[in-house]
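The chains referred to below are lettered A, B, ... by the order of the sequence lines, with proteins before strands, and numbering in each begins at 1.
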Amino acid sequence: MGLPRTLRLTRSEDFSRARQSGQTVRGRLLLLNVVPNQLAHNRYGIVTGKRLGSAVARNRARRVVRAALRRLHAQLRTGWDVVVVPHPPLFEQPFAEVVHALERLARQAGLTLPSTPIPPDEGGRP
RNA sequence: CGGGGGAGCUAGGGGGUUGCGGCGUGCCUACGGGCGCGCUGAGGAAAGUCCGCUCUCCAAAGAGCGCGGUGCCAGCUAACGGCUGGGCGGGGCAACCCGACGGACAGUGCAACAGAGAAGCGCAUUGCCUGCCCGUUUCGGCGGGCGGGUGAGGGUGAAACGGUGGUGUAAGAGACCACCAGCGCGGCCAGUAAUGGCGGCGGCUUGGCAAACCCCACCGGGAGCAAGGCCAAAUAGGGCGCAUUGGGGCGGCUCGUCCCGCAAAAAGCGCCGGGUUGGCUGCACGAGGUGCGCCGCGAGGCGCAUCCCAGAAAGAUAACUCCCCACGACAGAAAGCGGCUUAUCGGCCCCCCCGGAGG
RNA sequence: GCGGGUGUAAUUCAGUGGUAGAAUGUCUGCUUGCCAUGCAGAAUGUCACGAGUUCGAAUCUCGUCACCCGCU
């Protein structure tokens with residue numbers, strides 16, 4: 001998943017809790033639902049409905065969002081369930097723009113730790 | 001060289017760093033798991049769900065009617081509405097391509113508009129011929145009325161009841177004749193057959209639509225892996241039917257068959273209502289792939305060798321970066337398999353046809 | 001994974017082999033000082049798309065696309 005299974009939201013009721021009673025922040029590319037959990041770590045879920053397009057398009061959206069979440073994971077407060085809903089304009093954006101949008105929404109939801117810069121790419125240079 | 005036809009293969013490639021699913025294995029474990037190593041990880045259509053089958057449940061999967069499907073012949077196959085070969089019909093100069101391609105003397109039905117008439121032996125309102133009467137006449141005829149013959153000509157239509165030539169006649173007509181086409185019934189030859197070839201007899205034409213009902217032949221019991229099996233948890237301990245020819249399995253009906261019941265209750269069988277949306281299994285070694293040999297025109301079959309090739313459960317292939325090139329289409333497994341159909345940027349190989357030029 | 005249905009004018013729907021229709025809406029005119037109402041008239045469609053059967057297809061057959069519903 002880009003994320004180990006312990007960091008995933010897996011149960012339908014967890015999704016419902018975040019979608020219905022969580023805090024919602026919305027951007028042009030993404031929508032976040034955030035709700036506190038009783039755990040020592042965060043859990044993430046991604047919702048890709050039929051409206052997003054074909055199976056290939058939905059898989060693509062999930063993978064891009066997962067990669068972005070993995071980039072941001074270390075800089076977020078712990079103890080939250082986060083549901084991310086991608087919107088169709090996401091496909092036209094480069095990856096860096098998706099990371100930026102996700103980071104902005106996380107800051108808006110009060111998830112980011114103070115004064116931590118986003119690291120550069122994790123991949124080493126040859 | 002240009003244009004065209006057929007049959008296949010392929011689906012950007014090569015690295016670096018960080019990650020994800022599965023299997024095996026070693027170590028650690030506060031049994032939740034963690035770390036390391038090795039192997040492996042989407043398609044030719046994975047799609048649409050249009051067919052067929054395996055598998056599972058409905059006791060077993062039986063018969064008739066009904067309903068649905070298929071429809072030239074032979075074969076292949078587990079099976080098919082698929083494929084191969086052949087026949088017939090159509091298209092193309094050709095290579096080759098396309099075809100739901102049984103039956104209209106078993107029956108019922110349909111054919112708007114136009115037209116005299118639309119399938120029954122039916123039609124005269126244009127035309128052709130003619131009898132009688134009247135008028136007229138340049139004595140050849142002409143015009144009108146009443147009647148008869150005709151289906152040849154013109155005309156309508158998608159379609160008009162054989163075609164061409166002749167004989168015949170007042171004018172005509174399969175009325176008669178020759179040839180041709182079609183229909184029916186035999187014969188001989190080739191072929192497993194569909195069918196084709198040759199020849200005979202008969203009557204004299206008896207049309208179209210069955211993707212209209214229908215008839216004939218063949219096939220089909222129903223549901224689907226959310227099938228089904230096991231475990232755990234949780235709720236309720238409730239309501240209804242069950243001798244009369246009863247209740248139910250049985251999903252349209254009947255037969256047949258099976259389970260339960262034959263009355264107080266209980267138990268039993270079935271239905272409804274109520275509870276649970278957790279885990280394991282089914283779940284990946286198969287009508288499997290590859291290579292070789294043999295049989296077959298071919299689809300394919302047989303034998304031997306060899307390989308193990310996704311298996312998730314909010315659902316695994318990603319992020320960044322470097323190089324190369326023709327700058328990368330359609331698109332993501334969910335029980336499995338065989339087909340069909342649809343989407344698709346391109347690239348490569350082979351065979352064949354037509355035209356031009358040259359040897 | 002499986003089963004079923006719908007697609008016709010701007011909208012809601014008829015039409016099931018033979019000229020594509022109704023209501024509402026739109027437009028024009030009349031009525032009114034003006035508007036509404038009323039009256040008269042007009043415009044209109046790839047019958048979702050592509051093939052086939054038929055003399056002829058919205059209608060019958062096959063395929064495709066889109067949308068909707070049900071089973072858990």
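Checking B:rG315, B:rA316, B:rG332 against every side-chain atom of A:Arg62, the shortest atom distance belongs to B:rA316. For A:Arg66, counting side-chain heavy atoms from C-beta on, the closest listed nucleotide (B:rG332, B:rA318, B:rU317) is B:rU317. Checking B:rA42, B:rA319, B:rA314 against the side-chain heavy atoms of A:Asn59 singles out B:rA42 as nearest. Among the nucleotides B:rA318, B:rG332, B:rA314, the one closest to the side chain of A:Ser54 is B:rG332. Relative to the side chain of A:Arg70, the nucleotides B:rA314, B:rG332, B:rU18 differ in distance, and B:rU18 lies closest. The nucleotide whose nearest atom lies closest to any side-chain atom of A:Ala55 is, among B:rC20, B:rG332, B:rA318, B:rG332.
With sequence neighbours excluded, the residues satisfying salt bridge (Lys or Arg N to Asp or Glu O under 4.0 Å) with A:Asp81 are A:Arg17, A:Arg43.
Where A:Ala57 and A:Phe15 each meet RNA chain B at their nearest nucleotide, the meeting point lying more 5' is that of A:Phe15.
When base pairs are accepted only as Watson-Crick or G-U wobble with both N-N or N-O distances under 3.5 Å, RNA chain C takes part in stems of 3 or more pairs at C:1-7 with C:65-71, C:10-13 with C:21-24, C:26-30 with C:38-42, C:48-52 with C:60-64.
Among A:Leu29, A:Leu31, A:Ile46, the single residue meeting the side-chain contact (heavy atoms from CB on, under 4.5 Å) criterion with A:Pro86 is A:Ile46.
For the P atoms, the distance linking B:rA45 with B:rC307 amounts to 28 Å, nearest Å. The gap from the P atom of B:rA116 to that of B:rA210 amounts to 31 Å, rounded to the nearest Å. For the P atoms, the distance from B:rA316 to B:rA312 is 12 Å, rounded to whole Å. B:rA226 and B:rA334 have their C1' atoms separated by 12 Å, given to the nearest Å. Separating the C1' atom of B:rG315 from that of B:rG22 is a span of 14 Å, rounded to the nearest Å. B:rC292 and B:rA46 have their C1' atoms separated by 32 Å, given to the nearest Å.
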Step by step, would you call A:Leu9 with A:Phe15 a side-chain contact (heavy atoms from CB on, under 4.5 Å)? CA-CA 7 Å; A:Leu9 271 182; A:Phe15 276 86; 3.7 Å; yes

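For B:rC337, the paired base is B:rG52 (Watson-Crick or G-U wobble, both distances below 3.5 Å). Here B:rU70 sits opposite B:rA217 as a Watson-Crick or G-U wobble pair (both hydrogen-bonding atom distances under 3.5 Å). In this structure, B:rC330 forms a base pair with B:rG43, meeting either the Watson-Crick or the G-U wobble geometry with both donor-acceptor distances under 3.5 Å. B:rC269 is paired with B:rG241 under the criterion used here, namely a Watson-Crick or G-U wobble arrangement in which both key atom distances are under 3.5 Å.
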Check the interface with nucleotides 46-49 of chain B: list each N/O to N/O pair with the protein under 3.5 Å, or write none.
none

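Not one N or O on the side chain of A:Arg60 forms a donor-acceptor pair closer than 3.5 Å with the backbone of A:Phe91.
A 4.5 Å side-chain heavy-atom check between A:Leu76 and A:Asn42 finds at least one atom pair inside the cut-off.
Judged by ring centres under 5.5 Å apart and planes tilted less than 30 degrees, A:Phe95 fails to stack against the six-membered base ring of B:rA319.
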